[in-house]
**Student:** 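This is the structure, below, for whatever I ask next.
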Amino acid sequence: MRDVGAGRWRRIVSQIGRSVVVWAVSTLTMLVLAGILPDFQIRTGDGDSATRIAVTAAIGAGAFGLLSALAWPVLVRLLLLVPALVLGLLVFFLNGALLLVALRLTPADRPEAAPETAVVVAAVMSAVASATGAALAVRDDDAYRRRLYRLADRRGTARLIEGATTPGVVFLQLDGVGHDVLVRAVEKGLMPTVASWLGVSHRLTPWRTDWSSQTGASQLGILHGTNHDIPAFRWYEKDTGEVMVCNRPTSAAELQRRAVERTGDGGLLTVDGASRGNLFSGGADEQALVLSIAARRRGRENRSRAGYFSYFSDPANAVRTALSFVAEVGREIGQSTVARMRKRRPRVARGGLYPFIRAFATVVERDVVVAAVMGDMLAGRTAVYADLVAYDEVAHHSGPHSRDAEKVLQRLDRSAALIAQVAEHAPRPYRIVLLSDHGQSPGETFRGRYGLGLGELVRAGCGLPVPRKARRTHSGAEARAAVRAALRRPVEENGEQHVPPGRHSEPLVLASGNLGLISFPDVHHRMTKEEIDARHPALLTTLANHPGVGFVLVAGEGHDGVVLGAHGAEIPVDELDDEHPGPLADFGPGAAGAVRRTHSFPHTADIMVNSWYDPAEGEVLAFEEQIGSHGGLGGAQGRPFLMAPLGLSAAVEEGEELVGAEHIHRVLRRWLRECNGPQVPLGVPGDHRVA
């Protein structure tokens with residue numbers, strides 16, 4: 001007992017000593033800033049002594065520290081009502097306001113600071129205080145551990161775990177990082193942490209996505225065990241008349257509900273799990289930044305934004321992230337300006353709000369998610385699944401192999417290193433699994449190459465009016481010629497051939513990377529090839545023969561699918577296989593199975609269009625404004641990775657392939673069982689733990 005008491009007193013004295021050092025450094029920082037900033041004055045009179053100035057600075061620094069500790073959490077909770085994208089900018093102004101209040105609490109004649117100067121002073125003081133506290137804590141393992149536990153406790157997840165020896169698992173998803181991109185980054189020395197694991201403590205396994213190679217389909221399959229009826233990132237459902245979009249909160253909630261109903265269980269994380277930064281919850285009790293619960297009415301079970309509060313309630317975190325946010329905005333503006341001046345090709349527009357969206361994805365989301373994972377490990381949670389979206393966002397606009405994207409990979413590696421370091425202080429051992437949901441394939445846009453978008457090509461193939469600029473392109477002219485030939489009608493005087501008047505609605509064209517979906521909303525069933533030909537005789541021929549289109553999928557009579565290709569190629573879906581791929585020959589092994597599976601979905605579009613793919617260069621043509629894309633078949637987008645500790649069983653037997661997100665779900669569940677982790681209960685579709 002005497003040793004315990006002595007240890008407690010040593011910790012108290014050590015904590016007081018560190019607080020005094022941080023206070024002294026903050027005071028010195030305030031004095032230095034007062035000396036170099038003309039609009040910040042601590043001296044209140046010509047006869048002030050050095051001692052009085054120092055005391056004034058010390059009181060001001062102490063008051064600022066107390067206000068940051070007491071008032072800042074309240075302000076951040078109010079900020080939960082503010083869009084997260086704006087949060088980074090508000091941090092500076094609120095921190096400056098706290099400093100102005102602190103200066104008014106000094107007994108001297110109110111030291112002066114201009115509001116804009118107060119913002120700068122507050123930011124610098126918060127950063128210096130944070131760095132000093134962290135540096136002192138790092139020298140003391142017990143202090144460092146207590147500091148991290150306070151983070152976990154602030155998030156409301158700290159729990160007492162006695163003698164926990166069974167390992168937990170952290171699944172860290174690097175969104176959009178393909179297998180080959182990861183290998184190349186390791187070879188180039190961009191990811192030293194991953195390199196130190198690869199072949200030493202972890203094994204790397206590639207896997208193949210479904211036709212819809214995008215986060216919605218992959219993550220729903222990984223977390224909930226099924227991605228049935230997810231034909232794309234966005235699609236039209238004729239029975240409800242709604243467009244489903246995977247990253248729309250209402251759609252995500254509905255997709256998760258359908259998955260739980262289909263599988264009969266809550267998901268991968270149902271027992272003692274945490275879901276961070278994901279589209280879906282996986283059935284986790286602890287959720288933050290999870291899209292599928294964002295549309296629900298706020299309550300105890302809906303804490304989708306609680307991760308922001310727990311992170312930004314620390315003013316040092318807020319300032320550090322806000323500074324990084326502003327730096328990232330400037331970095332993106334500079335990089336896009338250089339790309340434009342050097343006339344790099346391919347290139348897409350990167351103006352408007354995009355610099356702020358990129359900064360949010362690469363800074364705010366990353367920092368909040370990593371901090372949440374740290375808190376989960378220190379709370380001893382058994383299974384954590386977190387998504388870091390930074391690379392995917394940058395690669396869309398800069399390219400998957402660009403220097404911009406490589407810089408993001410370096411930062412993701414540092415995040416993985418930090419999580420590994422925190423694991424050393426957790427109350428139980430942790431196994432860290434890295435994985436990705438899809439890759440990205442490079443290539444210019446469909447519009448950039450041919451001068452018109454897929455929607456305009458479809459309208460031209462239907463004989464509907466298109467913009468004059470698109471009409472004058474080679475593709476537009478060919479489509480109009482095909483319509484005239486199919487209808488056996490001469491061209492009209494205004495150069496626009498219209499279909500005969502009727503009550504048909506116009507086609508709805510949606511894009512998901514290099515996958516296009518065409519639906520006819522006035523027909524309440526999936527149209528067959530024969531029905532489409534009867535309505536628009538030139539449309540399917542126009543699409544299948546276009547050089548930017550790889551293949552087209554439509555339903556046939558009797559509900560058999562038909563794959564169409566150039567020069568009249570036509571093969572029933574049931575006859576497709578890897579030995580007889582028909583128009584799918586360039587897309588590699590597994591393409592036939594992926595197309596056949598999607599054809600069976602109830603909400604597959606009337607016409608599914610996959611872009612051209614160049615196997616030699618690995619390039620596709622995105623139907624969206626992206627030069628790094630995913631969503632369809634072709635290239636690296638369909639080849640993500642799974643990297644797991646050697647202590648876990650191999651994902652597949654030697655010579656076998658990992659195919660589909662549902663297969664990944666089964667592997668991850670097996671690994672959780674091997675760690676004596678959560679056993680996902682079966683046959684409980686109404687489980688109250690499902691959010």
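Numbers for residues simply follow the sequence, beginning at 1.
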**Student:** Would you check, one step at a time, whether the test ring-ring contact (aromatic ring centres under 6.0 Å, His included) holds for Phe520 with His525?
**Tutor:** CA-CA 9 Å; Phe520 296 92; His525 62 270; over 10 Å; no
**Student:** Under a 4.0 Å threshold between the charged nitrogen and the carboxylate oxygen, would Glu444 count as salt-bridged to Arg345?
**Tutor:** no
**Student:** Using 4.0 Å as the upper bound for N to carboxylate O, is an ion pair formed by Glu254 and Arg258?
**Tutor:** yes
**Student:** Check whether any side-chain N or O of Arg358 sits under 3.5 Å from a backbone N or O of Pro355 as a donor-acceptor pair, and report yes or no.
**Tutor:** no
**Student:** Kindly determine whether Ser398 and Gln335 satisfy side chain to side chain donor-acceptor pair (under 3.5 Å), including the steps that lead there.
**Tutor:** CA-CA 9 Å; Ser398 300; Gln335 290 171 347; 5.2 Å; no
**Student:** Output the distance between atom CD1 (Ile627) and atom OG1 (Thr445), rounded to the nearest 0.5 Å.
**Tutor:**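 That separation rounds to 9.5 Å.
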**Student:** Charged N to carboxylate O under 4.0 angstrom, Glu575 versus Arg596?
**Tutor:**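 No, no charged N to carboxylate O under 4.0 Å.
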**Student:** About how many Å separate CG of Leu182 and CG of Leu174, when rounded to the nearest 0.5 Å?
**Tutor:**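 Those atoms lie 7.5 Å apart.
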**Student:** Can you give me the closest heavy-atom contact between Asn514 and Gly632, atom names plus distance?
**Tutor:** OD1-N, 3.2 Å
**Student:** Roughly how far apart are Asp533 CG and Leu540 CG, rounded to 0.5 Å?
**Tutor:**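 Here the interatomic distance stands at 5.0 Å.
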**Student:** Under a 3.5 Å distance rule, please check whether Asp560 uses its side chain to pair with a backbone N or O of Gly556 as donor and acceptor.
**Tutor:**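 Between the backbone of Gly556 and the side chain of Asp560 there is no qualifying donor-acceptor contact (under 3.5 Å).
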**Student:** I need the minimum non-hydrogen distance between Ile518 and Pro507, along with the two atoms involved.
**Tutor:**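 The pair with the smallest heavy-atom distance is CG2-CB, 4.1 Å.
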**Student:** Is a donor on one side and an acceptor on the other found under 3.5 Å between the side chain of Ser611 and the backbone of Leu621?
**Tutor:**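 Flag set: sc Ser611 to bb Leu621 pair under 3.5 Å.
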**Student:** Under a 3.5 Å distance rule, please check whether Ser436 uses its side chain to pair with a backbone N or O of Pro640 as donor and acceptor.
**Tutor:** no
**Student:** Quick check: do Ile230 and Trp235 have side-chain heavy atoms less than 4.5 Å from each other?
**Tutor:** yes
**Student:** Under the side-chain contact (heavy atoms from CB on, under 4.5 Å) rule, what do Ile532 and Val554 come out as? Steps first, then yes or no, please.
**Tutor:** CA-CA 9 Å; Ile532 296 171; Val554 292; 4.3 Å; yes
**Student:** When you compare the side chains of Arg262 and Asn227, does any donor N or O come within less than 3.5 Å of an acceptor on the partner?
**Tutor:**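 Not at all, the side chains of Arg262 and Asn227 share no donor-acceptor pair under 3.5 Å.
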**Student:** Do side-chain atoms of Arg366 reach the backbone of Phe360 as a donor and acceptor pair under 3.5 angstrom?
**Tutor:**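 Flag not set: sc Arg366 to bb Phe360 has no pair under 3.5 Å.
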**Student:** Shortest non-hydrogen contact from Arg350 to Ala339?
**Tutor:** NH1-CB, 4.3 Å
**Student:** Please walk me through it: do Phe551 and Trp211 pass ring-ring contact (aromatic ring centres under 6.0 Å, His included)?
**Tutor:** CA-CA 13 Å; Phe551 65 90; Trp211 187 0; 5.5 Å; yes
**Student:** Does Arg234 pair with Glu624 as a salt bridge, N-O distance under 4.0 Å?
**Tutor:**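 Counted as a salt bridge, because a side-chain N and a carboxylate O are separated by less than 4.0 Å.
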**Student:** Can any side-chain N or O of Ser402 pair as donor or acceptor with the backbone N or O of Ala405 at less than 3.5 Å?
**Tutor:** yes
**Student:** Under the side-chain contact (heavy atoms from CB on, under 4.5 Å) criterion, do Ile222 and Leu220 qualify, and how do the steps go?
**Tutor:** CA-CA 6 Å; Ile222 292 171; Leu220 189 66; over 6 Å; no
**Student:** Taking the six-membered ring for Trp, are Tyr354 and His396 ring centroids under 6.0 Å apart?
**Tutor:**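 No, the ring centres sit 6.0 Å or more apart.
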**Student:** First locate atom CD of Glu328, then atom OG1 of Thr362, and finally report the distance between them rounded to the nearest 0.5 Å.
**Tutor:** 3.5 Å
**Student:** Check for a donor-acceptor pair, side chain of Thr270 on one end and backbone N or O of Gly267 on the other, with a separation under 3.5 Å.
**Tutor:** yes
**Student:** If you look at every heavy atom in Tyr385 and Leu269, which pair is closest and at what distance?
**Tutor:** CB-CD1, 3.8 Å
**Student:** Drop me the distance from Phe280's CZ to Leu291's CG, to the nearest 0.5 angstrom.
**Tutor:** 8.0 Å
**Student:** Looking at every non-hydrogen atom in both residues, tell me the closest pair between Ala651 and Leu642 and how far apart they are.
**Tutor:**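 Looks like CB-CD2, 4.0 Å.
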**Student:** Rounded to the nearest 0.5 Å, how far apart are CG of Leu668 and CG of Leu268?
**Tutor:** 5.5 Å
**Student:** Looking just at side-chain N and O atoms, do Arg526 and His599 make a donor-acceptor pair shorter than 3.5 Å?
**Tutor:**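 Per modelled atom types, Arg526 and His599 side chains form a pair under 3.5 Å.
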**Student:** How far apart are the closest heavy atoms of Ser212 and Pro231, and which atoms are they?
**Tutor:**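 Heavy atoms only, the tightest pair is CB-O, 3.6 Å.
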**Student:** Quick one: does His630's side chain have a donor or acceptor within less than 3.5 Å of a partner on Ser213's backbone?
**Tutor:**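 Checking the backbone N and O of Ser213 against the side chain of His630, a donor-acceptor pair under 3.5 Å is found.
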**Student:** I'd like to know whether Phe446 forms a ring-ring contact (aromatic ring centres under 6.0 Å, His included) with His546, so could you lay out the CA-CA distance, the side-chain angles of the two residues, the decisive distance to 0.1 Å, and finally the verdict.
**Tutor:** CA-CA 11 Å; Phe446 186 88; His546 193 279; 5.1 Å; yes
**Student:** Determine yes or no for a side-chain-to-main-chain donor-acceptor pair under 3.5 angstrom, with Ser275 supplying the side chain and Gly282 the backbone.
**Tutor:** no
